[in-house]
Structures are given as structure tokens and as C-alpha cells.
A.B. asks: 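Handing you this structure, nothing more for now.
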Protein chains: 2
Amino acid sequence: MIKVFIIDDHEMIIQGIKSLLEDDTEIHWTGSAKTPADLWRHLKSNKPDILLMDINLPETNGIELCSKLSELYPDIRVIGLSSSDQPSIIKKMMKNGAKAYLLKDASKHELITAIKKVMKGEAYVNYTVSEILKHNKPERSLPVLTRREKEVLELIADGLTNTEIAEKLFLNVTTIDSHRKNMITKFDVKNTAALIKLAVSEKLI
Amino acid sequence: MIKVFIIDDHEMIIQGIKSLLEDDTEIHWTGSAKTPADLWRHLKSNKPDILLMDINLPETNGIELCSKLSELYPDIRVIGLSSSDQPSIIKKMMKNGAKAYLLKDASKHELITAIKKVMKGEAYVNYTVSEILKHNKPERSLPVLTRREKEVLELIADGLTNTEIAEKLFLNVTTIDSHRKNMITKFDVKNTAALIKLAVSEKLI
DNA sequence: TTTAAATTCCCCTTTTTAGGGGAGCCCGTT
DNA sequence: AACGGGCTCCCCTAAAAAGGGGAATTTAAA
């Protein structure tokens, strides 16, 4: 029997996956957790073979949790689970010890296949995910904001002008202007409006 | 028998909810859709009593879909479903004809209760949601964008200048300028940057 | 039908951004 | 010690936005 445990903050998904796995005779459901604290508590008395882990956990993020887990319990195989198909996140998860990665639109069949494959020691990535990773070779990963840039960008987004920002940060206006121009260039957008849209929608600020 | 249909882009949640409802003798699962197009197709031949609707649908947003649905099929009762607990979104859903609202961390029991209550004509909001709505009483409800304003704002957010937008919409530059100024005034922000931030984070565009 | 809101267009001036440069300083890595 | 990236500051001009008005037409709602 493959002992499976799940951590996800959404009760609906926990119960959903539980019933998806119930039919299978090889899989044994050992429980679920909604928070990392719950998880640690359960692991003391009950070590699963496989841990299904939602990445979008509130508070702690799945990536850190994943690496901590593979330190403390290297035998537990982690399968990442998320609704987002952000390549960067998936990559980070795989680097931090996840053996497989599924999107939440994966089917029952796919879920079970993934669990069994991982149990055999194989890796598993669903088609969509592998496509994402593949197409991501010419990775259009977003430029990274430096500390100062982020600071300036947040103030721009709050409606301050270069002059006002300069006063606030005790800098020269031209400096702020440089940062603004740099950001517009590095993100390859046409103006501030587009920059803000990108930054907000990509959660850079 | 209560006929229940679901629209959600995540296969896992569809299948999860399906198996949550399977046991119940009063509830009959009539199918699922992953896109609005799928939904419309199904509805032609098969009208459910209750539609479980995920708000965070890609492409179309659940709020518009909801209002369109209550126009075309006023008999179908919509239960909103989402992982986000943003008061503004929940309120909009309720305004647009949703009879109930559940978070994805709702339990099996809660889901079934909600379905049955809504079927009886009662409204249902889970505790968390009602708390959210309550604490949000001193709501600083956002101004509404008119059709034209939204159109213009989207183009602004894409980095077009007034002149470019005017050409695109076959309007005079001063018109676009007026719209921009109006929006800045009505949203009480200082400039375009702040306007875009607000619009993106409040999902107005 | 009356009224309010939406949409369109126009004037003016000042401020702010955009776009093109260049350059020196600090700091961590090589 | 040399290099690059981040950060700072400076020049210039042209374009765009902000801020202040006003006003006519359409359209939808009361």
C-alpha cells in the first residue's frame, strides 16, 4: 500500500482528492493537513510515502516547505500541486526536491499515474507542465527589480511624481528619472502605465 | 432530484466536487464545463437547477458570466465558488445574481447544505464569507467604469498614448483626454500610474 | 417626457514623462 | 586589480499628461 498524505489549505480539494484516491486499492490515504504546523504534527507519528503538496499555501510558501521537508524527511516523496502554471515556481519546486508536479486541472487518472510512478522512483511531470518547462527554454523570465527600483516603483504606483519621490527618498530628481527609465527599458514596455500594469499583475509590487 | 452542473477550469476540483456530491441521493450531477463556451453548449440541451461557478475562470471573469447567465437563464441558481476571499468580488457576484457563495475550503457538509438551501429558495453564505461581508460594511465601494472608460483604460494600461488610442477608436484626442481625466477624478487618484494600479489590483480591467 | 449620465469635442497653461545621450561612485565577484 | 551591476547625478529636446475651464449631443433610466 502506498501511503499518501496531503497538505492543502482548501478543504474542498483535500476531500476531492481523497475521494479520487479512495477507489484505488494500492493507495492508502493517511490523512491531510491544512497548515504546515498540522503537517509537522502528523509526520511525527505517521510517515507517508508520498506527500501531495499545494504550493499556494498561505503564510509559508510551498517551496520553502518542500526543501525543509526533504532535509528532515528525505524518504518522503513530494508531489507539487498548484493551479498556477508559472514556470519559475514549478522549476523551483523541482529543484527543491519535488519528484513530480501536477496542475490542479489534472485528471483522476493522471493523479494516480503520478503517484505510482513516483513510488517506483520515476519522476513525473504532466504534459502541460513539461511543455511549459520545455517552451520555457528561451525563458522569458521577467527581469528582476532591484531593491531601489522596487521602492521607486511602489511610490510611482502610489501616484507620486519623480519630484515627490526624490524628496521622500532624499535623492535627486534625475536619479528617480533614471530608475523609471531603466525599468521601462528592462521590462520592455512603452511607458509608466504599462509598467505599472505589468508590475501589479505579476505581483512585483 | 436537484440537478447540479459545475463550471471550473480545474479538472481536479470538478472531479473532487463530483465525488463529494455522488453520495447524496437528492443531488444529481448533470455534467461539467471547463470554459464558458462549454457551458453555453451544455445549457442548450440540459438545464440544471444549480450551477456551481468558479470565479477565477481564465479569459471570461465569473462576474460577467454570472450576470449574463441570469439574463439568459434566470431559473438557474448560481452558487459562486472561489479560493479568494476578496470582499469586492464576493459582493459583485451576489449583486449579479449569485444565490450563494462558498470558499474552496468549504467542507462536504457545507457544500451540500448550500445546494439544498439555495434550492429551497434561501440564500447561503458560509460563515467566513458573511464575516467578510460584515466587516466590510464601511465599504468604500469603488466607482464603476463605463463601457467606454473601460475600453480606454485598457488601452492606456497597454501603454498607448491618448493620440494612439484616439486613432484606434476613431475619436478625437481631447475625448480620450477627457476620459482619462474623468477616471482620475472619479477614482480620486493623483495620476495615471495610480489609476492603473487601482484598476489592476481591483480587477477592473 | 424630463433628467441624469455618458459621450463627444474644444480652449488654455503648466508640469511631468519620454527618449537620447553621458559619467562618476560603491561594492561584491572574479 | 579589474569588471559589472547597482546607484547616483547631469545635459538636452520633444511629447504627453495634468489641471483648469466649458459645451453640445446621445442614450438610458426614472
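Since we're looking at a predicted model, the values are computed, not measured. Just so it is clear, the values below take in all heavy atoms, side chains as well, and ignore hydrogens, waters and symmetry mates.
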A.B. asks: Tell me the interatomic distance from A/L145, atom CG, to D/dC7, atom P, rounded to whole angstroms.
C.D. replies: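 Nearest whole value for this atom pair: 10 Å.
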A.B. asks: If you count heavy atoms of other groups shown closer than 6.0 angstrom to NZ of A/K116, is the number above 12?
C.D. replies: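 Count over threshold, so yes.
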A.B. asks: Below 4.0 angstrom from OP1 or OP2 of D/dA17, is there any side-chain N or O of B/N162?
C.D. replies: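 Answer yes for this pair, as a side-chain N or O of B/N162 is under 4.0 Å from OP1 or OP2.
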A.B. asks: Could you check B/R148 against B/N191 and say which one's nearest nucleotide on DNA chain C is further toward the 5' end?
C.D. replies: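 Mapping each residue to its closest nucleotide by heavy atoms, the 5'-most match is B/R148.
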A.B. asks: Which of these passes side-chain hydrogen bond (donor to acceptor under 3.5 Å, both in side chains) with A/D38: A/K34, A/R41, A/H42?
C.D. replies: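 The passing option is A/R41.
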A.B. asks: When we call it a touch if two heavy atoms are under 4.0 Å apart, what does A/K190 touch: a base, just sugar-phosphate, or nothing?
C.D. replies: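 Counting heavy atoms under 4.0 Å across all strands, the contact made by A/K190 is with sugar-phosphate only.
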A.B. asks: Examine distances only and state if a side-chain atom of A/T175 and a backbone atom of A/L171 form a donor-acceptor pair shorter than 3.5 Å.
C.D. replies: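 A pair under 3.5 Å: no.
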A.B. asks: Judged by atom type as modelled, is there a donor-acceptor pair below 3.5 Å linking the side chain of A/T30 to the main-chain atoms of A/V4?
C.D. replies: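 Checking the backbone N and O of A/V4 against the side chain of A/T30, a donor-acceptor pair under 3.5 Å is found.
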A.B. asks: Is A/S178 close enough to D/dC9 that one of its side-chain N or O atoms is under 4.0 Å from OP1 or OP2 there?
C.D. replies: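 No, no such contact exists.
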A.B. asks: Round to a whole Å and report the spacing from CD1 of B/I184 to P of D/dA16.
C.D. replies: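 Distance, rounded to whole Å: 16 Å.
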A.B. asks: Roughly how many Å is it from CE in A/M183 to C1' in C/dG19, rounded to a whole number?
C.D. replies: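 About 16 Å, once rounded to whole Å.
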A.B. asks: Side-chain N or O of B/T163 less than 4.0 angstrom from OP1 or OP2 on D/dA15?
C.D. replies: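 For B/T163, the contact criterion (side-chain N or O under 4.0 Å from OP1 or OP2 of D/dA15) is not met.
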A.B. asks: Could a donor-acceptor pair under 3.5 angstrom be found where the side chain of A/K181 meets the base of C/dG21?
C.D. replies: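 Side chain to base: no pair present.
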A.B. asks: Rounding to an integer number of Å, can you tell me how far A/E151 CD sits from D/dG6 P?
C.D. replies: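 Checked: the CD to P distance equals 16 Å.
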A.B. asks: Would you mind telling me which of C/dT17, D/dA17, C/dA18 lies closest to the side-chain atoms of B/T192?
C.D. replies: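 Looking only at heavy atoms from C-beta outward on B/T192, the closest nucleotide is D/dA17.
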A.B. asks: For C/dT8, does OP1 or OP2 lie under 4.0 Å from any side-chain N or O of B/H179?
C.D. replies: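 Looking at the OP1 and OP2 atoms of C/dT8, one of them is under 4.0 Å from a side-chain N or O of B/H179.
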A.B. asks: Output the single nucleotide from C/dG19, D/dA18, C/dT7 whose closest atom is nearest the side chain of B/T146.
C.D. replies: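 Taking heavy atoms from C-beta onward, the closest nucleotide is C/dT7.
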A.B. asks: Taking the minimum atom-to-atom distance to the side chain of A/T161, which one of D/dC10, C/dT17, D/dA18 wins?
C.D. replies: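 For the A/T161 side chain, the nearest candidate turns out to be C/dT17.
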A.B. asks: Would you say the side-chain atoms of A/D158 pair up with the backbone N or O of A/L160, donor to acceptor, closer than 3.5 Å?
C.D. replies: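 Such a contact is absent between A/D158 side chain and A/L160 backbone.
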A.B. asks: Give the rounded distance in Å between these two atoms: CG of A/D177 and C1' of D/dC11.
C.D. replies: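 Rounded to the whole Å, the gap is 12 Å.
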A.B. asks: Rounded to whole angstroms, how far apart are CD on B/E149 and P on C/dA6?
C.D. replies: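 So the two atoms are 7 Å apart, to the nearest Å.
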A.B. asks: Can you check whether A/R147 has a side-chain N or O nearer than 4.0 Å to OP1 or OP2 of D/dG6?
C.D. replies: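 No, no such contact exists.
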A.B. asks: Tell me the interatomic distance from B/N172, atom CG, to D/dT25, atom C1', rounded to whole angstroms.
C.D. replies: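 Rounded to the whole Å, the gap is 15 Å.
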A.B. asks: D/dT8 C1' sits how many Å from A/F170 CZ, rounded?
C.D. replies: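 Interatomic distance, CZ of A/F170 to C1' of D/dT8: 16 Å.
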A.B. asks: With a non-hydrogen cut-off below 4.0 angstrom, is A/T175 in contact with a base, only sugar-phosphate, or nothing?
C.D. replies: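 Since a base atom lies under 4.0 Å of A/T175, the category is base.
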